[in-house]
Amino acid sequence: MNFQLLDADYIRKDNSPIIRLFGRGDDGRSICCLVPGFEPYFYARPSTVNSHDELIRALEQNFNSIKRVELVEKFEPVGYQKSRKKMLKIVTYDPQNVPEIRDDVVSFPGIEEVYETDILFRNRYLVDQGIHGMKWVHADTSSDIDHSMDCDELVTSTRIEEVDRIDSAPLRHFAFDIECLPINGGMPVPEQSPVIMISLSFEPEFRGMKSIVLLGRSLDDAGDGVEVLGDEPALLNRFFEIFREYDPDVVTGYNINDFDIPYIVDRIKTLQSSGITINSACGRDGRPLDYRKIGIRSMVSITGRIVADSLPIIRQQFSLKRYNLQTVSRELLDMEKLDVSPQQMEEYWLDSGEKIRKFIDYARRDSELAMELLLKLRLLDKFVALAQISGSLPQEILEGGQTSMVENLLLREFRKHDYVLPPRPDENIVSSRNRESEGLKGGEVLEPKKGLLEKVVILDYKSLYPTIMMAHNLCYTTVIDIERPDGNIIKPPSGGEFVSAEVFRGIVPSILENLLNRRTETKGLMKGAKTEDEYRVYDATQLALKILLNSFYGYSGYTRARLYSLALANAVTSFGRENILKTRSVVEKEIETVILREGKAYLKEEVTSKDTDDVIVKLSVVYGDTDSVFVQCSSETNLELEDVELVGNRIAGIVSHSLPDPMELEFESIAERALFIAKKRYALWMFERSGTEWSESIKVKGMETVRRDWCELTSRTLNSVLELILKEGDVEKAMEYVRGVVDRVRNIDVANDPEIIDDLVLTRMYSKSMGSYKNKQPHLTVIEKMKKRTGAAPSIGERIPFVIVAGKDLFVNRAEDPDYVRQNNISLDVDYYIKKQILPPVSRILSAFGVDEAALDYDSKQKGLFEFSPSSEKKLSDQLQRRKKGTAEDHDSGNRKSQSSLFDF
DNA sequence: AAAAATACCTAG
DNA sequence: TCAGCTAGGTATTTTT
């Protein structure tokens, strides 16, 4: 029997652990597969002097829970070693015994250190058997047992093997959303407010239905897709009944981890205390719904299934100003959320006509949207690929970060090479690592040549840090630490020493090599994909490989890592810095000039005679950040895109050739014009090759248009200015545009035009607990005001919108809730928006052309207005002027929906 | 009034 | 932003 592995855990039977694997078969049946016989264990390193036999006997006698001790040969995890050392493999009866006895074992006479003492038993099993999360497995034999499990089949198997398949099992997706009735319009609390409705969506359909709304009251002629349950207990019981019958593999919703699920669980407790019992069994093993609180956030797992809350995934994958369901559905799905305000809710709920029906429709939309988000945006694809590659279970990846995946890969590869892994560091170790980690230096950022430049080639290093680790054999296992090698030594610029690959090939470099090769292969397969689905699978796979490739460097400098090495992390970045500086010097000093002749790019030493048709291109590096270089190409002759491309490819080729394998500099794209403001702040009019054509775009980095703590007004104004300058080279027009915006802002009439506020809203993340802020912050004053007025309490991690209202008070105190401002006709601080939101970012750009801020402010000193004209050296050549493709305004007004926008004129 | 500290968000 | 890392710019508040 074959099934796709969704989840795993273990149970105990007759004092022995049994692994349980959960999945969905290709026949569509859900499966729980029991695997007996796998033993828990960990490793210990004895001091060299002792007799191993005696030590083993002493351990076996002293610890009841030790089943047996085996003598094995392993390498320690860190530092180059010539040979394996004697170690003890301590096998216990129960997985729990491992954490129970590890502290006593480490302090037992004759034991120096323990390893792999905190590996979850199910992960231990998957790693040792070579099985990966979300992969297909084949279960050898099976014997049906009587079954009280909530899945179609319960089998026992002694032999499990992974099968190579890229398709997905027919997974069942279940989305839900609850509605609660708040006490007079406030936030509902499970101790008081009942759950009144639950909406459910299914993919594939459940009994021919895409969605169902469960209603916790009575109603005649409720209509199709509505189940009238009468009261709350019946509603909740029916919810779980449908849940079990549908038997979902993936459970989703919007913010279910932090709201819906904890609410249901707490509500059931409340009902229980008044003698009402709800059967909330929903795990594939029949476990009731539950959640656990870790710090301020709660986590949910359901045995045998994947709980995938779309909110945190969307937060991670999309940069948005706000993350409420309304904004997210509009921005990402182009769908509208329907809503009943908390104040109206009671009225709608008690109605028996139009209103309750509307309320039901609104509720239905929420679970539909949650399902759409998961499926249309294909939110799970990346996690599935990450699970398949790293071997971690999907739930673990959804809950945690990169750590579990990196450690999973390390554990598998270390095991193959007879290396052991240390346990997670305790708090003492972490804090001492934190102190020394201040010495970790990062990438090099080159000072940009500020102002507007033309014909800039953009080159970057393909996976710089991973390829550095591979090229220089940088690994925990190659640091020269305890023993010195006989062969070659690699000395990074940061100091320290590593053995070369001929002496010993590092494990991390070999993991990276494997990931990099697979990525290249996958990209090849992607090109040949026959179906859309196949393409998506390969695309998610190559993305996951990229994420994992880049995780190893970060992990090495992560103070809570099992394997932390400042020497390693510093070696990587120091090679990186050296590399970019050397690249700059090669381009400027060694290559210096490229000669174009008959469609080829030559170096100056390759050309012996002069030709009148030669195009001579001078190179200068105008910017670079960590793994990229921007090279300006200057020539007497006008350069076409193809010419610049030839230059770019030649530079990439020469530089790559001088680098150790597999380091590689790649030609990326061409900026016809580039505007550099500061380090990490620039805008490009970019041309990228797509087949035989060139695709054109404007790319903005770091500037206010891409920052979420500036208002829409700023973003749009700046975007237009950038477009006018980059595409049309028209500074005058840009100034005119800004003056127009300033003028309109000065004459804003909120009372007449409440929608205008939308363009003036700033957002900031409420990022830590109130008490730990040392300074006043605008979004915090808004939170305080809202709490006082409505009792609404945003939680940490939310982005808080606000506007600045008129007044004499300190800036922070004039931050206000946009809704409140709208409702109460409060006037905004027009001057703030002009002087602090529009002018500074715009003048940072225009000052490069000699424009003074006063020349932009319509109302202030009229003089600057007529004095200015762009200096002749900044004027752009006629021939470039001819290339314009349409004005900034065309683009801008075309995208706007609202008529009352500041930008329609 | 200048300098330092704090906070935020982004680039890579 | 839900346990990978550092570098860097800008606005505002707080301290000197």
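The chains referred to below are lettered A, B, ... by the order of the sequence lines, with proteins before strands, and numbering in each begins at 1.
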query = How would you label the contact of A:Gly442 with the nucleic acid (heavy atoms, under 4.0 Å): base, sugar-phosphate, or nothing?
reply = sugar-phosphate
Its 5'-most and 3'-most nucleotides having an atom under 4.0 Å from a non-hydrogen atom of chain A, DNA chain C is contacted over C:dT1 to C:dT14
Regarding A:Val812, tell me which of base, sugar-phosphate or nothing describes its non-hydrogen contacts under 4.0 Å with the strands shown.
sugar-phosphate
Would a distance-only check, ignoring hydrogens and angles, find a side-chain to backbone donor-acceptor pair under 3.5 Å from A:Ser310 to A:Leu373? no
With a 4.5 Å limit on heavy-atom distance, are the side chains of A:Leu446 and A:Leu581 in contact?
yes
Residues passing the side chain to side chain donor-acceptor pair (under 3.5 Å) test with A:Lys462, sequence neighbours excluded, are A:Glu664
Rounded to whole Å, the OH-C1' distance (A:Tyr766 to B:dA7) equals 15 Å
Report task. Answer with base, sugar-phosphate or nothing: what part of the nucleic acid does A:Pro778 contact at a heavy-atom distance below 4.0 Å? Result -> nothing
### Message
Mind checking if A:Arg424 touches a base, just sugar-phosphate, or nothing, with heavy atoms under 4.0 Å?
### Response
nothing
**Asked** Contact class for A:Ile294 vs. all strands (heavy atom < 4.0 Å): base, sugar-phosphate, or nothing?
**Response** nothing
Closest to the 5' end of DNA chain C, once A:Ala678 and A:Leu440 are matched to their nearest nucleotides, is A:Leu440
Over all strands shown, is A:Gln402 touching base, sugar-phosphate only, or nothing at heavy-atom distances under 4.0 angstrom? base
Distance-only donor-acceptor check, side chains A:Glu712 and A:Ser715, under 3.5 Å: no
Are A:Phe676 and A:Phe630 an aromatic pair by the rule of ring centers under 6.0 Å? yes
- Using the C1' atoms only, state how far C:dT1 lies from B:dA7, rounded to an integer number of Å. 14 Å
Looking at A:Tyr773, is A:Lys768 sitting on its ring face, NZ or CZ under 6.0 Å from the six-membered ring centre and within 45 degrees of the normal?
-> yes
| At under 4.0 Å, does any side-chain N or O of A:His779 touch on OP1 or OP2 of B:dA7? | no
When A:Phe575, A:Tyr465, A:Phe498 are each screened for ring-ring contact (aromatic ring centres under 6.0 Å, His included) with A:His472, the one that passes is A:Phe575
task = May I ask you to test the A:Glu396-A:Arg122 pair for a side-chain heavy-atom distance under 4.5 Å?
result = yes
Collect all protein-nucleotide pairs involving nucleotides 9-12 of chain B in which both atoms are nitrogen or oxygen and the distance is under 3.5 Å.
{"from": "B:dC9", "atom 1": "OP1", "to": "A:Met765", "atom 2": "N", "distance (Å)": "3.0"}
{"from": "B:dC9", "atom 1": "OP1", "to": "A:Arg799", "atom 2": "NH1", "distance (Å)": "3.0"}
{"from": "B:dC9", "atom 1": "OP1", "to": "A:Arg799", "atom 2": "NH2", "distance (Å)": "2.9"}
{"from": "B:dC9", "atom 1": "O4'", "to": "A:Arg707", "atom 2": "NH2", "distance (Å)": "3.0"}
{"from": "B:dC9", "atom 1": "O2", "to": "A:Arg707", "atom 2": "NH1", "distance (Å)": "3.2"}
{"from": "B:dT10", "atom 1": "OP1", "to": "A:Val706", "atom 2": "O", "distance (Å)": "3.2"}
{"from": "B:dT10", "atom 1": "OP1", "to": "A:Arg708", "atom 2": "N", "distance (Å)": "3.1"}
{"from": "B:dT10", "atom 1": "OP1", "to": "A:Arg708", "atom 2": "NE", "distance (Å)": "3.1"}
{"from": "B:dT10", "atom 1": "OP2", "to": "A:Arg708", "atom 2": "NE", "distance (Å)": "3.4"}
{"from": "B:dT10", "atom 1": "OP2", "to": "A:Arg708", "atom 2": "NH2", "distance (Å)": "2.8"}
{"from": "B:dA11", "atom 1": "OP1", "to": "A:Gly702", "atom 2": "N", "distance (Å)": "2.8"}
{"from": "B:dA11", "atom 1": "N3", "to": "A:Lys680", "atom 2": "NZ", "distance (Å)": "2.9"}
{"from": "B:dG12", "atom 1": "OP1", "to": "A:Tyr682", "atom 2": "OH", "distance (Å)": "2.6"}
{"from": "B:dG12", "atom 1": "O3'", "to": "A:Asp625", "atom 2": "O", "distance (Å)": "3.3"}
{"from": "B:dG12", "atom 1": "O3'", "to": "A:Asp627", "atom 2": "OD1", "distance (Å)": "2.5"}
{"from": "B:dG12", "atom 1": "O3'", "to": "A:Asp627", "atom 2": "OD2", "distance (Å)": "3.4"}

Exercise for review: Give one of base, sugar-phosphate or nothing for A:Tyr832, where a contact means two heavy atoms less than 4.0 Å apart.
Suggested key: sugar-phosphate
Item to check | Short side-chain N/O contact to B:dC8 OP1/OP2 from A:Tyr773, under 4.0 Å | outcome: yes
**Asked** What integer number of Å spans the P atoms of B:dC8 and C:dC2?
**Response** 13 Å
Is it true that the side chains of A:Thr763 and A:Arg708 contain a donor and an acceptor less than 3.5 Å apart?
no
Which part of the nucleic acid, if any, lies within contact of A:Glu444, taking any heavy atom under 4.0 Å across all strands shown: a base, the sugar-phosphate backbone alone, or nothing?
nothing
Rounded to the nearest 0.5 Å, the CD1 atom of A:Ile306 sits from the CD atom of A:Gln395 at a distance of 7.0 Å
Give one of base, sugar-phosphate or nothing for A:Gly443, where a contact means two heavy atoms less than 4.0 Å apart. sugar-phosphate
